[in-house]
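For reference, the structure is listed below as structure tokens.
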Amino acid sequence: MAADAIISCHAVAKSYWRGTLEIPVLQGLDLEIPRGGYYALMGPSGSGKTTLLNLIAGIDRPTGGTLEVCGYELNDLDDDQLAGWRSQHVGFIFQNYNLVPVLNAFENVELPLLLTGLSRRERREKVLEALALVNLTDRMENYPRQLSGGQEQRVAIARAIVTDPDLLVADEPTGALDAKNAEEVMALLERLNAELGKTILMVTHDPKAAHHARIQIHLEKGVLDRTVEVNR
Amino acid sequence: MKYFRLVLRSLFRSKRRTILTVLFLAVSVFLIATLQSILATLDGFANNPNASNRIAVRHKVSLTNMLPLRYADWIRQQSEVEGVMALQWFGGIYQDPSNFFPNFAADPEPIIRIFKEEITDYSEAEWRDFLRDRNGCIVGEALAKKYGWRVGDVIPLQGTIFPINPRLNLRGIYRSKRTTDEQAMYFHYKLLEEGVPFMKGRVGSFWVRAKHPDDVPRLIERIDRHFSDAAEPTLSETENAFQLAFLKMMGDLATIIHSITGAVLVAILIVSANTMAMAIRERTTEVAVFRAMGFTGSQMLGILMAEGILLALMGGLSGLGLAWLAAGALRTGVGTVIPWLTDFTIPVDTMLFCLHVTMGLGILSTFIPAYRVVRRPIVEGLRAL
Ligand SMILES: Nc1ncnc2c1ncn2[C@@H]1O[C@H](COP(=O)(O)OP(=O)(O)OP(=O)(O)O)[C@@H](O)[C@H]1O
Ligand SMILES: [Mg+2]
């Protein structure tokens, strides 16, 4: 594997079982993503994009092959170790934002920091920093229902980066947004990649969104089909 | 501690559901605490450890049939007997029928010997004044305080059972260890005997004090046997048995109260299990999100359990608070009518029982749904929308 790869998947396989019937989703997939890369993962519905993303993010286990992510062989970690690993290395961005409705923007962003040993003051500093980055400092007292979809997704992005992880994974981050808000979120992700050097792996259907990535990879029938470098 | 806000907020996610559940728990705990406390109070009353060497002797036929006063002489001669006292429930009214307190006509001298454990503190001078004054009476301090009586006051009583209206001189005020025992008034038996022709030489009951509690069964047997062929046969029983007869329904009451408690506990379990199951199930996705962020399964289980326990605790504590307030109201309101409720409290044991039970049910009803949601694979939780 290349020295600078942050993600390297080797012969990764994943099957689901429906009774005795095996449904293969990923079949011996190889993939390397260098540190600081910005990748868009594309492909038809049901091709296994979410499945692959979840394996790389360490919230699912492969049925075969190995994944080395952020310097760790994920198969070697037990569930609690994997949870600790996620809290340090991975930031999640979901299609439905998945903010906690009973917490305000500030408290939502603070959540991942509760797992660290940081003091209240240190946590507050980091939260304010993250909120400033997504330009929502003035909305930190607002609850999710008081925010627009675009704002909610930006809070979710602040939550994903507040622990300063190396890797951001995003599953259809603009899937629920209108064009204008989608554009804003994409610009934000681009900045996180360009200015903070975050490695981003994003699943998307939207060619416009995919255009913001540096590299597009296409998944078809469980294997990577082609890789396209985006020219800008 | 840093999770406390999260737990509290999550608990009030659905305000109405949480408030209704807390209210339900509070009312249930209130019910259990109050009923169990009443039972404990009555139990304590009927199992008065002070009464272990006292015997009540009454007419075999009923409490309203009278015994000859001279029976006291024979009883007094028995070697195990420390003292005998004629005692008659007078049932007099002070000013207004609602001013209820127990008042008795009694042989004056033996009172302090027979009620040694209850009349624990009195002035010798006042006691001598009482013995000297045929129209004198003594009352407990709590009773005196209630009506603002002072030694030297004249207390008019209006007879209800007996056709006399004595005007009694308050000669002494005694104190007891418990305020329950400071509720009574005693006046000279002679006053009743001389004022009421049909009471001449007769009395409703004798209170006998044995020298030793072990002598009590033998003494009871001997007294009743001795008078069995007399025109007025006796029925002797321990004071506690006598009180029990007075509270005849106690046995049934205990069964009823325990059944109600059991039913309420089952209801609490069902309702809180349902609430927690709903509250947790609708957060399947959220739990998955937390775990994706790096919270471990046991941390999530802890957070959810904390919610369930806090909910149970809020309900349990409010219920106990209600019961405590009610106990105070009962003491001042009903306590004077039903004397054994003057000391009515929620015993510490009952409080602990209620807290343990609500906590236990909280843990039980939360654990199952919490464990199930935490065991679910993260990816499934994220998909469940
Ligand atoms: N838990 C599961 N049990 C059985 N089959 C599953 C499960 N999860 C996913 N699959 C199947 O695996 C395949 C890939 O699913 P996946 O969600 O990765 O697709 P996707 O590329 O993300 O699709 P979409 O673009 O619609 O989100 C699908 O056929 C899906 O039905
Ligand atoms: Mg998908």
Side-chain angles (χ1 to χ4, degrees), chain A residues 14 16 25 50-55 57-61 78-104 106-120 123-124 143-144 156 159-160 162-163 165 169 171-172 176, chain B residues 1-19 21 275-276 278-304 306-308 310-311 314 371-385:
Chain A
K14 178 75 180 176
Y16 290 103
V25 178
T50 298
T51 304
L52 178 58
L53 192 77
N54 290 344
L55 290 174
I59 54 175
D60 201 0
R61 302 266 189 189
D78 67 23
D79 286 355
D80 283 357
Q81 289 169 329
L82 204 53
W85 172 83
R86 286 194 301 270
S87 73
Q88 285 174 22
H89 297 285
V90 187
F92 284 86
I93 300 164
F94 305 95
Q95 178 172 356
N96 308 297
Y97 334 129
N98 278 329
L99 298 178
V100 181
V102 292
L103 300 179
N104 65 27
F106 181 97
E107 294 158 345
N108 262 289
V109 176
E110 192 188 15
L111 274 181
L113 293 177
L114 296 182
L115 292 168
T116 66
L118 297 179
S119 73
R120 216 183 144 88
R123 294 203 301 269
R124 189 178 166 78
Y143 286 84
R159 179 177 69 182
V162 73
T163 53
V169 295
D171 198 345
E172 312 263 11
Chain B
M1 212 46 218
K2 56 187 172 187
Y3 295 114
F4 185 71
R5 187 174 44 187
L6 177 66
V7 168
L8 201 64
R9 294 280 187 80
S10 303
L11 196 52
F12 282 96
R13 176 167 312 230
S14 165
K15 280 201 186 58
R16 184 157 53 139
R17 183 175 59 204
T18 303
I19 289 172
T21 307
T275 307
M276 289 317 295
M278 282 199 318
I280 290 174
R281 191 166 341 112
E282 69 189 25
R283 279 161 62 194
T284 303
T285 304
E286 191 177 299
V287 169
V289 171
F290 270 78
R291 292 182 61 200
M293 287 191 297
F295 286 78
T296 64
S298 14
Q299 278 171 324
M300 287 321 290
L301 192 64
I303 290 175
L304 295 172
E307 277 177 44
L310 193 64
L311 182 76
M314 286 194 298
Y371 182 73
R372 277 174 54 177
V373 78
V374 164
R375 252 193 34 173
R376 241 180 121 163
I378 301 176
V379 291
E380 251 182 53
L382 289 176
R383 219 182 283 270
L385 260 177

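Numbered from 1 within each chain, the chains take letters A, B, ... in sequence-line order. Basis for what follows: all heavy atoms, side chains included, without hydrogens, waters or symmetry-related copies.
For the atom pair CG of B:L382 and OG1 of A:T50, the computed distance is 10.0 Å after rounding to the nearest 0.5 Å. Residue A:L113 holds its CG atom at 9.0 Å from NZ of B:K2, rounded to the nearest 0.5 Å. In this structure, the separation between CG on A:N98 and CZ on B:F290 is 10.5 Å, given to the nearest 0.5 Å. Atom OG1 of B:T296 and atom CG of A:D78 lie 10.5 Å apart (nearest 0.5 Å).
Here the side chain of B:R9 pairs no donor or acceptor atom with the backbone of A:L103 at under 3.5 angstrom.
Of all non-hydrogen atoms in B:F295 and A:A83, the two that sit nearest each other are O-CB, 4.2 Å. The nearest pair of heavy atoms linking B:G294 to A:S87 is CA-CB, 3.8 Å. Contact between A:P112 and B:M293 at its shortest, heavy atoms only, is CG-SD, 3.8 Å. Shortest non-hydrogen contact noted between B:V379 and A:I59 is CG1-O, 3.6 Å. Smallest separation of non-hydrogen atoms from A:D80 and B:G297: OD1-N, 4.5 Å.
Of all the listed residues (A:D171, A:V100, A:N54, A:T163), the one sharing the greatest number of non-hydrogen pairs under 4.5 Å with chain B is A:V100.
Residues passing the salt bridge (Lys or Arg N to Asp or Glu O under 4.0 Å) test with B:R5 are A:E107, A:E110, sequence neighbours excluded.
Applying the salt bridge (Lys or Arg N to Asp or Glu O under 4.0 Å) definition to pairs two or more places apart or across chains, those involving residues 279-300 of chain B are B:R13-B:E286, B:R17-B:E282, B:R283-B:E286, B:R283-B:E307.
Other residues, nucleotides and ligands contribute more than 12 heavy atoms inside 6.0 Å of the OH atom of A:Y16.
Annotation: side chain of A:V102 is not in contact with side chain of B:F12 (no heavy-atom distance under 4.5 Å).
The contact between A:R123 and chain B is made entirely by side chain atoms (from C-beta outward), counting heavy-atom distances below 4.5 Å.
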- Task: Kindly determine whether A:R159 and B:V289 satisfy side-chain contact (heavy atoms from CB on, under 4.5 Å), including the steps that lead there.
- Result: CA-CA 12 Å; A:R159 179 177 69 182; B:V289 171; 3.9 Å; yes
